[in-house]
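Here the structure is laid out as structure tokens; the discussion comes afterwards.
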Amino acid sequence: MQMLRLAAIRLASSFSSSLSLSWRPNRTAKLTMFSSDSNYDDPSPNSTPKSPFSPSEFPHSNTDHQTLFHVLEACKLSSNLRAAAETHSRIIKLGYGTYQSLIAHLISIYASCGCPNLAHKLCNEIPCWDFDLISANLIIATFMKIGAIDIAKKVFHNMPTRDVVSWNSMIGGCVKNARFEEALRIFQEMLSLNVEPDGFTFASVITGCARLGARDHAKWTHGLMIEKKIAINYILGSALIDMYSKCGKIESAKEIFETIQRDDVSVWNALINGLAVHGLALDAIAIFSRMVVENVSPDSITFVGILTACSHCGLVEQGHKYFDSMACYSIQPQLEHYGAMVDLLGRAGCLDEAYSIIKEMPMEPDIVIWRAFLSACRTHRNSDLGEVAIKKIKHLASGDYVLLSNIYCSVNRWDSAERVRDTMKKNGIRKYRGKSWIEMAGAIHQFKAGDVSHLDREAIYKVLEGLIRRAKMEGFSPAVELVLMDVSDEEKEENLNYHSEKLALAYGILKTSPGMEIQITKNLRTCLDCHYWMKVVSRILNRVIIVRDRIRFHRFDGGVCTCGDYW
DNA sequence: AGCTCGCGTT
């Protein structure tokens with residue numbers, strides 16, 4: 001059987017290289033017929049032969065379903081959609097169409113080969129949703145992977161019995177789809193039904209806490225993990241380090257790092273990245289040196305972390321040094337390393353040098369690189385290069401328009417800024433609303449800009465108005481040039497005043513006693529105006545305010561921020 | 001028999 005499996009993999013692989021390229025998605029309709037049609041001739045009459053299996057190679061009437069399973073496994077390993085479709089028709093022909101596990105694997109292959117429609121169709125063709133346990137688990141994970149959360153949920157809810165893998169697939173799936181709170185809810189439900197969580201469960205839950213930046217949840221989850229005596233492998237170790245870093249507890253992250261086994265590079269990467277988001281570039285560099293001493297080879301992700309750390313602190317020289325040193329570790333710089341360099345140079349104001357890197361890099365720059373460059377053009381008010389960048393971004397998103405408009409505003413090109421706004425209006429693109437959230441008494445409270453949906457909204461706005469008044473008395477003036485709206489200055493100011501992080505902060509102040517630290521998480525970059533405001537508020541209230549934005553931590557204390565206004 | 005987990009550039 002092992003021989004057959006290897007042969008199948010070889011076969012499928014050999015065809016994946018030659019045939020998958022000729023595969024056209026518009027044959028989809030034809031393909032789906034296989035599930036109800038016993039004809040397994042070549043589905044694409046235009047292309048030449050083409051069955052991946054010659055009659056002598058593909059076992060016929062004596063083929064058992066286990067063999068088919070191995071063939072499907074090979075198709076999956078080699079991403080060979082063509083061979084999978086062929087095998088699908090064989091499955092029908094041989095009368096195995098009712099074998100759930102085979103169908104479940106087909107669904108999984110279609111989904112992972114970029115044919116979600118086929119996966120859906122096949123799923124709908126199944127008369128009743130009574131998959132066996134393992135097939136159902138596979139289907140849940142498959143649909144979660146392609147973002148079809150509702151289908152995954154439907155399968156989960158229809159299961160007569162569930163095991164820990166079913167729960168893990170749901171929790172992990174929610175985290176993958178950025179539904180962190182839902183993941184935590186499902187975890188709670190799992191516990192209340194006395195299903196024993198395992199290491200897989202905790203890896204996902206920990207990631208959910210990390211992404212939420214939910215300190216209380218994080219600590220509680222870690223405690224439970226210890227109580228359950230879950231062994232910490234390198235995956236859980238790096239997840240824990242990442243969780244504490246992203247929850248603002250870099251000291252706890254370091255503590256975990258010192259107490260666990262450190263023979264895997266990902267544990268080091270997690271800490272280096274953690275130090276990077278805290279703006280502790282020199283510490284990140286120290287960890288890098290230590291890993292070399294301890295004989296752990298850095299990988300491509302290590303360098304992404306080190307370059308990011310340099311970028312956030314403006315360490316241009318060091319960044320160059322580490323980028324150049326990659327060759328010593330036989331690591332070829334990838335797109336993301338060039339991206340990090342463009343970001344590093346761009347932030348530091350070396351726009352021409354950043355542009356040279358883009359022009360000279362051996363691969364095609366992607367949208368991430370152009371966005372980093374565009375963002376640097378905004379920071380350093382260079383509309384000419386900003387226009388170069390914007391032309392390279394094919395499908396402009398809301399944030400790109402905002403950046404471009406801000407660039408024009410910053411160099412007083414009001415007409416151009418207005419043109420951008422008109423284009424946005426014409427294309428129905430709305431300014432993306434920022435979101436911030438704060439954890440209070442174990443619950444997550446989320447705010448959007450100008451949000452009035454919170455139960456305590458009146459008290460929140462009252463606190464906010466009071467803070468705004470006091471900040472102004474301290475000489476704070478709003479950065480109205482940042483607002484993308486053709487309205488009066490007064491209205492612009494209103495807009496800035498109700499940015500989501502300000503609402504979240506007001507709620508934090510409302511619900512905590514004086515002197516307590518307040519931590520807020522935000523989905524976008526924090527704006528210049530909010531950053532300035534947070535500094536002032538930290539001074540007048542004599543409080544530590546921590547804001548985690550999309551890329552890093554800002555710790556405001558006594559009127560200064562740990563980022564040193566460089567971010 | 002098969003199914004579930006982490007760290008990365010804007």
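Quick caveat: nothing in here was measured; it's all calculated off a predicted structure. Proteins come first, then strands; the chains are lettered A, B, ... in the order of their sequence lines, and each starts at number 1.
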Residues that [X] engages under side-chain contact (heavy atoms from CB on, under 4.5 Å), provided they are two or more places apart:
X         : answer
Arg550(A) : Arg525(A)
Val368(A) : Asp366(A)
Val277(A) : Phe553(A)

Taking the side chain of [X] as its heavy atoms from C-beta onward, which of [options] lies nearest to it?
X         : options                 : result
Asp198(A) : dC5(B), dC7(B), dT4(B)  : dT4(B)
His312(A) : dC7(B), dG2(B), dT10(B) : dT10(B)
Ser169(A) : dC3(B), dC5(B), dT4(B)  : dT4(B)
Thr308(A) : dT9(B), dG2(B), dT4(B)  : dT9(B)
Ser135(A) : dG2(B), dT4(B), dC5(B)  : dG2(B)
Ile551(A) : dC3(B), dC7(B), dT10(B) : dT10(B)
Val368(A) : dC7(B), dT4(B), dT9(B)  : dT9(B)
Arg371(A) : dT4(B), dC3(B), dT10(B) : dT10(B)
Ala372(A) : dC7(B), dC5(B), dT10(B) : dT10(B)
Val304(A) : dC7(B), dT10(B), dT9(B) : dT9(B)

What is the distance, to the nearest angstrom, from the [atom1] atom on [X] to the [atom2] atom on [N]?
X         : N       : atom1 : atom2 : value
Lys392(A) : dT10(B) : NZ    : C1'   : 18 Å
Arg162(A) : dT4(B)  : CZ    : P     : 19 Å
Asp263(A) : dC7(B)  : CG    : P     : 19 Å
Arg552(A) : dT9(B)  : CZ    : P     : 14 Å
Ile109(A) : dG2(B)  : CD1   : P     : 15 Å
Met243(A) : dC5(B)  : CE    : C1'   : 14 Å
Leu133(A) : dT4(B)  : CG    : P     : 13 Å
Met170(A) : dC3(B)  : CE    : P     : 19 Å

Within the structure, does a side-chain N or O atom of Lys176(A) lie under 4.0 Å from either OP1 or OP2 of dC5(B)?
yes
The correct set of residues in residues 337-356 of chain A placing a heavy atom under 4.0 Å from DNA chain B is Asp343(A), Arg347(A)
Which part of the nucleic acid does [X] contact within heavy-atom distance under 4.0 Å: base, sugar-phosphate only, or nothing?
X         : result
Ser311(A) : nothing
Lys145(A) : nothing
Asp366(A) : nothing

Measuring from atom [atom1] of [X] to atom [atom2] of [Y], what distance do you get when rounded to the nearest 0.5 angstrom?
X         : Y         : atom1 : atom2 : value
Leu385(A) : Tyr355(A) : CG    : OH    : 7.0 Å
Leu240(A) : Phe257(A) : CG    : CZ    : 13.5 Å
Asp283(A) : His278(A) : CG    : NE2   : 11.0 Å

The complete set of salt bridge (charged side-chain N to carboxylate O under 4.0 Å, His left out) pairs with one or both residues in residues 232-260 of chain A, sequence neighbours excluded, reads Asp242(A)-Lys246(A), Glu251(A)-Lys254(A), Glu258(A)-Arg262(A), Glu258(A)-Arg290(A)
In short, side chain to side chain donor-acceptor pair (under 3.5 Å) pairs touching residues 324-335 of chain A with sequence neighbours left out are none
